[in-house]
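Encoded as C-alpha cells, the structure appears first; notes follow it.
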Amino acid sequence: MTSIAFTGGGTGGHIYPGLAVASCLQAQLPHRAFWIGAQTGMDRAIVEKAGIEFFGVPSGKLRRYVSLRNISDIFKVAAGFFAARRILKREKPALLFSKGGFASVPPCAAAASLGIPVFTHESDYSPGLATRIISRFAERIFIPYTESARFFSGAAAGKVCVSGNPIRPEFADASPAKGRAFLGLEGSERILLVLGGSSGSLEINALVRDALPELTRHYTVVHQTGGSAASGDAASPSARYKPYPYLGAEIPDVIAAAELVLSRSGAGSIWECASLHKPMVLIPLRGSGTRGDQVENARLFQEAGAAVCFTGDSVRLAELIAALANDSDWRARMEQATIARTNAAARCSSTEFIAQEITRRISGQTIRDGENHE
C-alpha cells in the first residue's frame, strides 16, 4: 500500500488542517499515513487520537529576533533533519505533505534530500518563515488567498496555487442542535462563543471577565478559556457564563450554535467559523512576540466586511458586542461576507482540492499548473 507522510506542528492550527487533508485523501486514495512532528508539545496526542502513526523528532523554533536560544535550536533543527531522514528512508513515502510550523522544516528538507516530492500549505495571509524555507524544497505551495501570491517570487512563484484553507470534515455536518445539547441550552438562547486559541488567551479572558455583566445582558457566553495558566483570569461559571478549558470534538457543533464569535485571528479558527457563516469579532495576537500574521488575517476579514477587528478595553468591547447584538442587519451582512471571503459555501472543498492534487501527483497525472481553486 502507498505510504504518505504528513508533517507540521507546534500549534493545533498547524495540525488539524493537515489531519483534514489526510482524512479526505484516504477516501480518494487508500494509503498508509504517518506523521512526523515535534517530540514535545501537543503534536503526538492530537495526531494519535486521529488514528495516525506518529514519529517524533527534535525540533527547534525558528525565530526572527535575536535570542540565545537560537544557538541551541540550530542543533535541534539539525538533529531533526537527520532523524526525519532516517524515518523517511525507512518508511519510503510516495509524498510528504507539510502543514507548516517550525516542526515541519527538518522533515521537508530531509524529504527533498531523498528525492521525495514535497507539497506544502500556508494558512495565513502572508507566509511565515517556515513556509519561506520550505518553498525552496516544495513542488507545490498551496496558499489561502489570491492576494497571498504576491509574497512569492522567482521559482517559488511558479509553484503557487490558491486553494483556500483545509477544514476538518466534521464542519460539513455541524449541528446547532447538537451544540446546544452539549451546552445544556434551550433553542431560544443567544450564544456568544469566545475562543482564545488551543492554549487560551490571557488578554481575551481578562476582557471577557471584566465585560461579563454587560455581555450576559445579551448572550449566554460560552468561553474556551485554555489551560490552568490562562483560565486563572476567567470568571466563575454561572447560568449565563459557561467556561470550558478546551473544546475538542464538539467544537464544530458549538460554533454552529453560536450567533456571534469573539476570537483570536489564527487562520484555522477564522476559516472554521467562516465555514459556518459566523459573524466574528477578532482580537489578533500582536506585539514583539509575533510576526503579525494574526493582525494581517484580521485586517483582511475586516476589509471584506466579514469581521470586526478589535483592540481596546472591556468597556469598548461590551459596547461593540451590544451594538452587534442589537443589529441583525449588520450580523447578516457579516455572514454573507464570510461566504464571499472564504468561498465557505463549499465547506470542505479546499480540503478536497488539496487531496485531489496529491492524488494526481502520486498517480502520475499532470498537476494542474496555474489552476486555482478560488
Side-chain angles (χ1 to χ4, degrees), residues 1-62 72-123 128-131 133-140 142 166 168 198-199 248 268 351 354-355 358-359 361-362:
M1 177 178 286
T2 300
S3 291
I4 300 175
F6 294 82
T7 188
T11 67
H14 286 120
I15 300 174
Y16 288 117
L19 293 176
V21 172
S23 175
C24 187
L25 185 58
Q26 189 66 46
Q28 296 185 16
L29 178 70
H31 66 281
R32 171 187 170 250
F34 66 92
W35 193 288
I36 304 175
Q39 285 178 332
T40 59
M42 66 177 68
D43 301 22
R44 180 183 294 275
I46 296 174
V47 172
E48 290 185 342
K49 187 176 181 180
I52 294 178
E53 188 175 7
F54 182 91
F55 297 103
V57 300
S59 180
K61 189 172 183 179
L62 304 173
S72 62
D73 280 3
I74 289 175
F75 294 99
K76 291 180 181 178
V77 171
F81 168 84
F82 289 108
R85 198 175 192 277
R86 287 192 295 272
I87 294 166
L88 291 167
K89 194 172 183 179
R90 181 183 70 238
E91 303 299 331
K92 297 180 173 57
L95 183 144
L96 182 142
F97 176 73
S98 168
K99 200 44 215 71
F102 59 86
S104 65
V105 174
C108 287
S113 75
L114 293 169
I116 298 169
V118 175
F119 280 17
T120 190
H121 180 273
E122 172 61 59
S123 293
L129 181 56
T131 296
I133 295 172
I134 293 168
S135 66
R136 303 171 188 175
F137 314 126
E139 285 189 12
R140 197 71 156 161
F142 298 104
R168 286 175 275 179
S198 55
S199 299
T351 315
I354 293 172
I358 293 173
T359 300
R361 177 62 175 86
I362 292 175

About how many Å separate CZ of R44 and CD1 of I52, when rounded to the nearest 0.5 Å? 13.5 Å
E122 versus G128, closest heavy-atom pair with distance: OE1-N, 3.2 Å
Would you confirm whether T359, through its side chain, and A355, through its main-chain N or O, come within 3.5 Å as a donor-acceptor pair? yes
Option passing ring-ring contact (aromatic ring centres under 6.0 Å, His included) with F34 (candidates F54, F97, F55, F6): F55
I want to check something: taking the side chain as every heavy atom from C-beta on, are H121 and S98 in contact at a cut-off of under 4.5 Å? no
Are R32 and T2 linked by a side-chain donor-acceptor pair shorter than 3.5 Å? no
Between P107 and L96, is there a side-chain heavy-atom distance shorter than 4.5 Å? yes
If you define the side chain from C-beta out and look only at heavy atoms, does anything of E53 sit under 4.5 Å from W35? no
Flag the pair I36 / L88 as yes when at least one side-chain heavy-atom distance between them is below 4.5 Å, and no otherwise. yes
Honestly, is R140 close enough over F119, meaning NZ or CZ under 6.0 Å from the six-membered ring centre and within 45° of the axis? no
Quick one about S123 and K99 (side-chain donor to acceptor, distance below 3.5 Å, no hydrogens or angles considered), yes or no? yes
Looking only at heavy atoms, the pair that brings A138 and T120 closest together is CB-CG2, 3.9 Å
Please examine the side chains of V118 and C108, heavy atoms only from C-beta on, and report whether any two atoms are closer than 4.5 Å. yes
Side-chain touch H14/S104, heavy atoms, less than 4.5 angstrom: no
